[in-house]
2 protein chains.
Amino acid sequence: MAIPRAAKTLRRTRIQEEKEEQILEAALDVFSVSGFRGSTIDQIAEVAGMSKPNLLYYFRTKEAMHRALIDRVLYNWLEPLRAFDAEGNPESEIRSYIRRKLEMARDFPRESRLFANEMLQGAPHVLDMLKGPLKELVDEKAAVIRTWIKSGKIVHCDPYHLIFSIWSTTQHYADFDVQVRAVLGEEHSGDGRFEDAARFLEQLFIGGLRPDRSGS
Amino acid sequence: MAIPRAAKTLRRTRIQEEKEEQILEAALDVFSVSGFRGSTIDQIAEVAGMSKPNLLYYFRTKEAMHRALIDRVLYNWLEPLRAFDAEGNPESEIRSYIRRKLEMARDFPRESRLFANEMLQGAPHVLDMLKGPLKELVDEKAAVIRTWIKSGKIVHCDPYHLIFSIWSTTQHYADFDVQVRAVLGEEHSGDGRFEDAARFLEQLFIGGLRPDRSGS
DNA sequence: TGTAATGTTTACCAATCGGTCAAATTATCT
DNA sequence: AGATAATTTGACCGATTGGTAAACATTACA
């Protein structure tokens, strides 16, 4: 007899561990491309290499699968911003934040697209997280940036839009990968474009945020 | 008896004009949120305020509707880049490009999201356009930027990544609108954030691209 | 090894999907 | 007005959707 679902979470079997991992991996593949509505359990089942009812044995609904996936992916996704340090000097902090975010775009493009899809749809499943934990984290980092501005280490600017612009420019290489490849052409479709992007973005942000040099 | 489809395009009635407009407007609403796979004809029919068979009278398939919508939206979407002028001086050209793109993000967010959705899914319906017309247009503008670099008007940098960064930062305010609002809070949810964004981005790009000032 | 708990699958369900058809309605033109 | 063409809709189709039930297979543990 199948155990009640509640009990399952009390002690996890090795098989549970493995299969849930396997399912979420497949779910990431599918959800990141087609979004929640556009994805089907059958698709995910096929990618995961198991039957649909078997997926539903581990996750009762498509929603539950999606939620588990997002929960799992969210923490790591915010890691680079969390690492943003008030003690370091602005130039190296911004440089390394850009590097980290670009590495994430290169190494975890599906995770980036998963969130992008969620945003496009109005963030129905993560809106609370955006307004709560994310906003708090960003507020905190914005305060750090403001101290840099006040001490004259970087130019006077809006810290929120600064953060947005780093997010957007870096995630672009994951979310709009097809477009980037199409425009750069086949010959620049190796990972080299990430190095080029890093060079450009560091130059842009470091140059654009450098203080002194009077009027705009 | 219904006319053959081919004849319909020969001479368009007033009703055809109006209804096709009405349908594409509804289709934009739906496709821009849920993407192609995630959208249903019934949804679009409901938004358009007519019956499903009636939609299919004007567009034979969901695909045809989507294609018509993209064709219609594409031309205007690329207008700002086309306006990018070699004759103007770099600073004002870049400034006005940023302004235009931000205005598009503000006034046509659904169009932006429509493309974003398409990109996330691997651009199945516009890949040829990306590799063809878009690439050619970008190549052309990249050449313009290169002349600016060679004549020392802006700093030495990769023109393609410069264009990508303007695209991403500006479109971010349409595609990730929910996130931007959530992080900025209710009080900054008026159109004021577009002005703030414009100010920040102009400062960033103008400052980041300014020549002289030796090593990075 | 036996057995109870866990894991997997086949067969199936009602709802929704994209799309068709024929009948009914409305607009157009003489 | 009457005839003809254009438009709209309700009923329907087979395929696919998210999800269930129950039989079957496997694992873990005494």
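Predicted model only: the values in this text are computed from it and were never measured. In the text below, chain A, chain B and the rest are named by the order of the sequence lines, each starting its count at 1.
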For [X] and [N], what is the distance between atoms [atom1] and [atom2] respectively, to the nearest whole Å?
{"X": "A:Y58", "N": "D:dT20", "atom1": "OH", "atom2": "P", "answer": "17 Å"}
{"X": "A:E46", "N": "D:dG18", "atom1": "CD", "atom2": "P", "answer": "13 Å"}
{"X": "B:E63", "N": "C:dG19", "atom1": "CD", "atom2": "P", "answer": "8 Å"}
{"X": "B:N54", "N": "C:dA24", "atom1": "CG", "atom2": "P", "answer": "18 Å"}
{"X": "A:K62", "N": "C:dC17", "atom1": "NZ", "atom2": "P", "answer": "11 Å"}
{"X": "B:K52", "N": "D:dT7", "atom1": "NZ", "atom2": "C1'", "answer": "18 Å"}
{"X": "A:M65", "N": "D:dT17", "atom1": "CE", "atom2": "C1'", "answer": "14 Å"}
{"X": "A:I23", "N": "C:dG7", "atom1": "CD1", "atom2": "P", "answer": "11 Å"}

What's the closest nucleotide to the [X] side chain, out of [options]?
{"X": "A:D42", "options": "C:dT10, D:dT7, D:dT17", "result": "D:dT17"}
{"X": "A:L56", "options": "D:dT20, D:dT8, C:dT9", "result": "D:dT20"}
{"X": "B:T40", "options": "C:dC17, D:dG10, D:dT8", "result": "C:dC17"}
{"X": "B:Y57", "options": "C:dG18, D:dG19, D:dA6", "result": "D:dA6"}
{"X": "B:I41", "options": "D:dT9, C:dG19, D:dA21", "result": "C:dG19"}

Practice item. Assess whether atom CD of A:E103 is packed by more than 12 heavy atoms of other residues, nucleotides or ligands within 6.0 Å. Key: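 Atom CD in A:E103 is packed in, count exceeds 12.
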
Point to revise | Side chain A:K19 and base C:dG7 donor-acceptor under 3.5 Å | key: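 Not at all, since no donor on one side and acceptor on the other fall under 3.5 Å apart.
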
Review point. With a 4.0 Å cut-off, would you call B:D71 and B:R67 a salt bridge?
Key: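 A salt bridge is absent here (no side-chain N lies under 4.0 Å from a carboxylate O).
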
Point to revise | SB check B:E25 B:R110 (cutoff 4.0 Å) | key: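 Yes, this pair counts.
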
Point to revise | Cation over ring face, A:R100 and A:F84, 6.0 Å, 45° | key: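 Output no; distance or angle outside limits.
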
Review point. Is the centre of the B:H161 ring less than 6.0 Å from the centre of the A:F194 ring?
Key: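 For B:H161 and A:F194, the ring centres are not under 6.0 Å apart.
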
Check your understanding: Reckon B:Q16 has a side-chain N or O less than 4.0 Å from the OP1 or OP2 of D:dT7?
Key ->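 So the side chain of B:Q16 is within the cut-off, an N or O lying under 4.0 Å from OP1 or OP2 of D:dT7.
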
